[in-house]
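To keep things clear, I will list the structure first and then write my remarks on it.
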Amino acid sequence: MIYDCDYIGRDHAIIRLFCKNGEKHVDYDENFLPYIYGIGCTCQDISRVQGIKECEPVSRTFKGENVDAVKILFHFPKDVPLYREELRSYGKIYEHDIPFARRYLIDNDIYPMSDGHDLKVLAFDIETYTETYPDSRKDPIIMISLATSEKSAVITYKHVEKEYVEVVENEVQMLTRFFELIKEIDPEVLVTYNGDNFDLPYILERVRVLKVECPLEFRILGRGATTKVRVPGFCHIDLFPISKRLLNLTSYTLEAVYQEITGKCKSKIRGDLISTYWDRGGEPLEQLADYAREDAEAALAIGEKFLPLQYALSRIVGQTPFDISRASSSAMVDWLLLREAHKRGEVAPNQPHGGEYEKRASQSYEGAYVLEPEKGLHENLVQLDFRSLYPSIIITHNIDPLTLGCECCENNTSPAGYTFCLNKKGFIPEILKTLLSERAKVKQQMKKSDDRMLEFQQWALKILANSFYGYMGYPRARWYSLECAESTTAWGRMYLKQIIDMARKEDLKVIYGDTDSVFIKMKDSNVERALRFLETVNTSLPESMELEFEGFYPRGLFVTKKKYALLDDKGTFITKGLEIVRRDWADIAKKTQQEVLEIILREGSPQKAAQVVEEVTCKLKQRQVNLEDLVLYTRLTMPLSQYKQIGPHVQIAQKMKQRGEDVGVGSTIAYIVKEGRGLIRDRVVPYQEGEPLNVQYDADYYIENQVIPAVMRIMTAFGFKKEDLIYQRTEQMSLEKWF
DNA sequence: ACGGCTCGGGG
DNA sequence: GTGTACGAGCCGT
Ligand SMILES: [Mg+2]
C-alpha cells in the first residue's frame with residue numbers, strides 16, 4: 001500500500017513511492033519523464049526550442065474528437081514552467097501544470113491506499129512561550145506533546161512531577177528528543193491541528209534559530225493562507241482543514257471539534273496565558289502539561305475519526321492522502337477526471353487562464369427552487385427527499401460538456417434551454433454512473449460484512465458523486481460548463497415543482513420545499529398517506545430518479561426560506577440557517593436565541609418564548625447581567641494602518657495602541673459597548689477578564705443590536721414585532737386594552 | 001438585493 | 001511545487 005509519493009534529484013527526477021505492506025519500504029523509479037501535450041504544432045517546430053528532451057507525435061482525442069497531438073518530453077519537472085511560454089508560441093499546450101508525482105500516479109495506474117490501512121499514527125502539538133502573539137524567532141517552544149494509540153507523552157524542560165512527562169535540559173534537547181521519539185515510534189502518518197500554519201513552520205524556525213540538528217525535512221509549500229507542510233517520508237495530515245469541510249460548527253477550535261466528535265469536553269488554556277502558567281511553576285505548570293497532553297490526544301482522537309474517510313477518498317481519486325486531505329471536493333473531482341481522461345486517451349482541457357477565472361467566477365446562474373414556507377409552528381411533518389437528485393439528473397439527461405448542443409434530441413432540452421444528446425456517451429455521466437454503481441456494490445457487501453472500511457468507502461463515493469454538479473460550476477474546473485450546471489439546477493427545479501403540484505392535487509399539505517426535499521403536514525403521526533404518495537410519484541419518475549422517505553418530525557418551526565428548526569422523534573434538534581454563528585455576537589444574544597428555540601420546539605409555546613426575551617431585556621435594563629455575557633471578540637488580522645473599514649475592534653485597537661499597549665496582528669480584541677451618543681465604534685471599551693467596568697454598558701445597544709435581532713430571526717414567524725419583546729416599564733399593552 | 005470587505009485555526 | 005484558497009457572514013449602498 002502506497003501512502004505517499006514525491007520525487008528527488010537535481011537534474012534528473014527519481015520518483016519515490018512510500019509503501020507499507022507489513023514492512024515499510026521505499027520504491028524508486030528513475031524512468032519516468034515529465035511531459036506536456038501540444039496541439040496544432042509539429043515536432044519540427046518544437047525541436048527548435050533548446051532544452052526540450054524529446055518530441056513525439058501521438059494520436060489522442062480532444063473534446064471527444066481525434067487529434068494529432070505532440071507529446072513534449074522534458075529532462076526535469078521544473079523545466080516545464082521554464083519553457084511553457086516559449087512553447088505557447090508554436091501552438092496550444094495542454095496538461096502543463098500537473099505536479100510530477102501526481103502525473104506519475106495517474107500514468108502508471110497507481111492508486112494510493114489500495115490494500116489495507118494499517119498505518120501508524122502519531123499526533124503531536126507544541127506549546128510556546130508567548131506573551132502577545134507568537135514570534136517564532138524569539139518565543140521558545142516550551143512543551144511538545146505526542147500521542148499514539150498506545151500512549152501519550154509530554155517533553156519539557158522545567159520539572160513536572162507527572163508520569164507521562166519527560167524532563168530534559170533545554171529547548172534544544174527537547175527538540176532533539178522529539179525527533180528521536182519520532183524515529184523510535186516510526187509512524188507513517190503525522191497528525192496535527194493547524195500544523196500547516198502553525199506547529200510545523202514554528203518548529204522549523206526554532207530549528208534554524210537554535211541550529212538544532214534535525215533529521216526530518218519540512219517542505220513548506222505555498223506561503224500565506226495556503227501554506228501546506230510536507231514532511232518527506234511521512235504523510236502529514238492537518239486536521240483543521242478537514243474539520244472545516246466535514247463539520248458544520250460555529251467555531252473550529254480544537255476544543256469545539258473534539259467535543260463535536262467525542263461528546264467530551266477538554267480543558268483549554270488561553271494562548272496568551274500559557275507563559276503565565278509556565279512562569280508560575282507548581283500547580284499551574286502541571287495543568288499546562290495536562291493541557292498539552294490533552295491537545296495531542298484530542299488531535300489523535302479527531303484523526304481516528306477522519307482519517308479513514310481521507311484514505312478512502314485517496315484510493316478512489318488516486319492521489320495521496322496528503323493532497324486529498326487538503327483538496328476541496330471540486331478539486332478532487334478534477335483529479336479524478338484527469339485520471340479518467342488519461343485512461344481514455346483524452347487530452348484534458350486547461351484550467352482557466354488569464355482573466356478567464358475571474359470571468360467564470362463572476363458569472364451567476366439560477367440555483368435550486370425554494371418554496372416560501374408556511375410560516376410558524378407545525379406538527380406531524382413528513383420529509384420526502386430525492387435520492388441523489390443532481391447526480392441522477394446528470395445521468396438521466398446525459399448532461400456533459402460534450403453532449404451539449406445536439407439536434408437529434410430535442411425532447412432532452414433542459415428548462416434552461418440547452419439540449420443534450422442522448423445518442424452518445426457523456427464523459428462525466430459515464431464516470432458518475434461508475435461511481436454510483438460502485439457505491440451500490442459496496443452497500444451490497446456491507447450487508448454481508450461488517451468491515452468498517454466499507455462504510456467509509458461508500459461515504460467517499462457519495463461525497464464524490466454529489467460533488468459533480470458543483471464541479472461543473474466551479475470556476476477552476478478543467479471541465480467547467482456553466483450550461484451544464486445551469487441545466488442541472490433547472491431540471492432540479494422542474495422535478496421539485498412537479499412533486500409539490502402532485503402532492504397538492506392529492507390534497508396533501510406542503511409546508512416547505514427546498515432543492516430536493518418537501519415537508520408535508522399530516523393530521524397525526526400516521527404517515528400512511530405520505531407513503532402511498534411516494535409510490536405513485538416513483539412510478540412516474542425516470543428510472544434512475546427516486547423520491548424517498550427521509551423522516552418524521554413531531555414538530556417543526558419554519559421562519560423563512562432556508563431558516564427552520566425541527567424536532568425529530570428521538571427528541572433531537574435540527575436547525576438550519578437560524579443560529580447566529582459568528583463570534584461578533586455577544587453570549588447574551590446566543591444564549592437567549594438558543595433558549596427561545598428550545599421553548600418553542602419542546603414546549604410549543606411562542607408566548608412563553610416571548611416572555612423569556614422580555615425578561616432578558618428587563619435584566620439588561622436593570623443591569624443584572626454578567627459582564628462576560630456582553631463581551632464581543634474580534635481578531636486583528638492585519639496592521640492597523642491597512643484597514644479600510646474601521647470596525648469597532650479596529651477603533652479600540654487604535655486607542656489601545658495610543659495608550660502604549662501592544663496590539664499587533666493576531667491579537668484578539670475583547671470589548672464592551674458603553675453608553676453614550678454617536679457611532680458604536682466610538683463607544684467601545686476594552687474588556688479585561690475579572691476587571692470591573694468603570695463605565696455603564698449600553699443596555700439599549702445590547703437589546704436593539706444583539707438580543708432582539710438574534711431572536712427576531714425566529715419570532716417573526718409568529719408575527720411578533722420587536723416592541724412586543726422588549727420590557728417596558730409602562731404597560732402599553734394594558735392601556736390599549738381599555739380603548 | 002448586491003457587492004465589497006473581513007475572517008478563520010494555532011500560541 | 002509542471003497547482004497559489006474559499007466560503008460564510010456582515011456592512012454599507
Ligand atoms: Mg496545544
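Proteins come first, then strands; the chains are lettered A, B, ... in the order of their sequence lines, and each starts at number 1. All values reported here derive from a predicted model rather than from experimental measurement.
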Checklist entry - Which is true for A:Asp323 with a 4.0 Å heavy-atom rule: it touches a base, it touches only sugar-phosphate, or it touches nothing? => result base
Item to check | DNA chain C contacts among residues 89-98 of chain A, heavy-atom distance under 4.0 Å | outcome: A:Glu95, A:His96, A:Asp97, A:Ile98
Checklist outcome for this item: Atom CG of A:Asp196 and atom C1' of C:dC6 are separated, to the nearest Å, by 15 Å
Checklist entry - Does the ring of A:Phe218 carry A:Arg230 above it, NZ/CZ under 6.0 angstrom from centre and within 45° of its axis? => result no
Next on the checklist: Under 4.0 Å, counting only non-hydrogen atoms across every strand here, what does A:Pro81 touch: a base, just sugar-phosphate, or nothing?
Outcome noted: sugar-phosphate
Checklist entry - Is A:Tyr7 near enough to C:dT2 that one of its side-chain N or O atoms lies under 4.0 angstrom from OP1 or OP2? => result yes
Checklist outcome for this item: Closest of C:dG1, C:dA5, C:dT2 to the A:Thr226 side chain is C:dA5
Next on the checklist: Under 4.0 Å, counting only non-hydrogen atoms across every strand here, what does A:Phe76 touch: a base, just sugar-phosphate, or nothing?
Outcome noted: nothing
Item to check | C:dG1 versus C:dC6 - spacing of their P atoms, nearest Å | outcome: 15 Å
Next on the checklist: Of the options B:dG8, C:dT2, C:dG3, whose atoms approach the side-chain atoms of A:Lys228 most closely?
Outcome noted: C:dG3
Checklist entry - Counting only side-chain N and O atoms of A:Arg326, is one of them less than 4.0 Å from OP1 or OP2 of C:dC6? => result no
Next on the checklist: Over all strands shown, is A:Leu82 touching base, sugar-phosphate only, or nothing at heavy-atom distances under 4.0 angstrom?
Outcome noted: nothing
Checklist outcome for this item: Here the distance between atom P of C:dA5 and atom CZ of A:Arg360, to the nearest Å, is 15 Å
Checklist entry - Can a cation-pi geometry be assigned to A:Arg60 and A:Tyr37, taking NZ or CZ under 6.0 Å from the six-membered ring centre and within 45° of the ring axis? => result no
Checklist entry - Of the candidate nucleotides C:dG3, C:dT2, C:dG1, which contains the atom at the shortest distance from the side chain of A:Pro77? => result C:dT2
Checklist entry - Below 4.0 angstrom from OP1 or OP2 of C:dG1, is there any side-chain N or O of A:Arg230? => result yes
Checklist outcome for this item: In whole angstroms, the gap separating C1' of C:dG3 from CD1 of A:Ile106 amounts to 12 Å
Item to check | Whole angstrom value for the distance that separates P of B:dC7 from CG of A:Asn194 | outcome: 17 Å
Item to check | C:dG7 and C:dG3, which share atom name P, separated by this distance in whole Å | outcome: 22 Å
Item to check | Residues A:Asp6, A:Arg16: salt bridge by 4.0 Å N-O rule | outcome: yes
Checklist entry - Do the ring planes of A:Phe100 and A:Tyr7 sit parallel (below 30°), tilted (30 to 60°) or perpendicular (above 60°)? => result perpendicular
Checklist outcome for this item: Those residues at least two apart in sequence (or on a different chain) that pass salt bridge (charged side-chain N to carboxylate O under 4.0 Å, His left out) with A:Lys562 are A:Asp514
Checklist outcome for this item: note: A:Leu221, atom CG; C:dA5, atom C1'; distance rounded to Å ~ 14 Å
Item to check | salt bridge (charged side-chain N to carboxylate O under 4.0 Å, His left out) involving A:Glu205 - partner list, sequence neighbours excluded | outcome: none
Checklist entry - Please give, in whole Å, the distance from C:dG1 P to A:Ile8 CD1? => result 16 Å
Checklist entry - Under 4.0 angstrom, heavy atoms only, what part of the nucleic acid is A:Arg219 near: base, sugar-phosphate, or nothing? => result nothing
Next on the checklist: Heavy atoms only, 4.0 Å cut-off, all strands: where does A:Tyr252 land among base, sugar-phosphate and nothing?
Outcome noted: sugar-phosphate
Checklist entry - Within the structure, does a side-chain N or O atom of A:Arg476 lie under 4.0 Å from either OP1 or OP2 of C:dA5? => result yes
Item to check | A:Glu86 CD to C:dT2 C1', straight-line distance once rounded to whole Å | outcome: 16 Å
Item to check | A:Arg219: salt bridge (charged side-chain N to carboxylate O under 4.0 Å, His left out) partners, not counting sequence neighbours | outcome: A:Glu217
Checklist entry - Reckon A:Arg270 touches a base, only the sugar-phosphate, or nothing at all at heavy-atom distances under 4.0 Å? => result nothing
Checklist entry - Reckon A:Tyr129 touches a base, only the sugar-phosphate, or nothing at all at heavy-atom distances under 4.0 Å? => result nothing
Next on the checklist: Please classify the nucleic acid contact of A:Asp125 as base, sugar-phosphate, or nothing, using heavy-atom distances under 4.0 Å.
Outcome noted: sugar-phosphate
Checklist entry - Of all the choices, C:dC6, B:dG8, C:dT2, which nucleotide is nearest to the side chain of A:Tyr474 once you look at every atom? => result C:dC6
Checklist entry - For A:Cys55, what residues pass the disulfide (SG to SG under 2.5 Å) criterion, not counting sequence neighbours? => result A:Cys43
Checklist entry - When we call it a touch if two heavy atoms are under 4.0 Å apart, what does A:Ile126 touch: a base, just sugar-phosphate, or nothing? => result sugar-phosphate
Checklist outcome for this item: Those residues at least two apart in sequence (or on a different chain) that pass salt bridge (charged side-chain N to carboxylate O under 4.0 Å, His left out) with A:Asp107 are A:Arg103
Next on the checklist: From CG of A:Leu247 over to P of C:dA8, roughly how many Å is that when rounded to an integer?
Outcome noted: 15 Å
Item to check | C1' atoms of B:dC7 and C:dA5, separation to the nearest Å | outcome: 13 Å
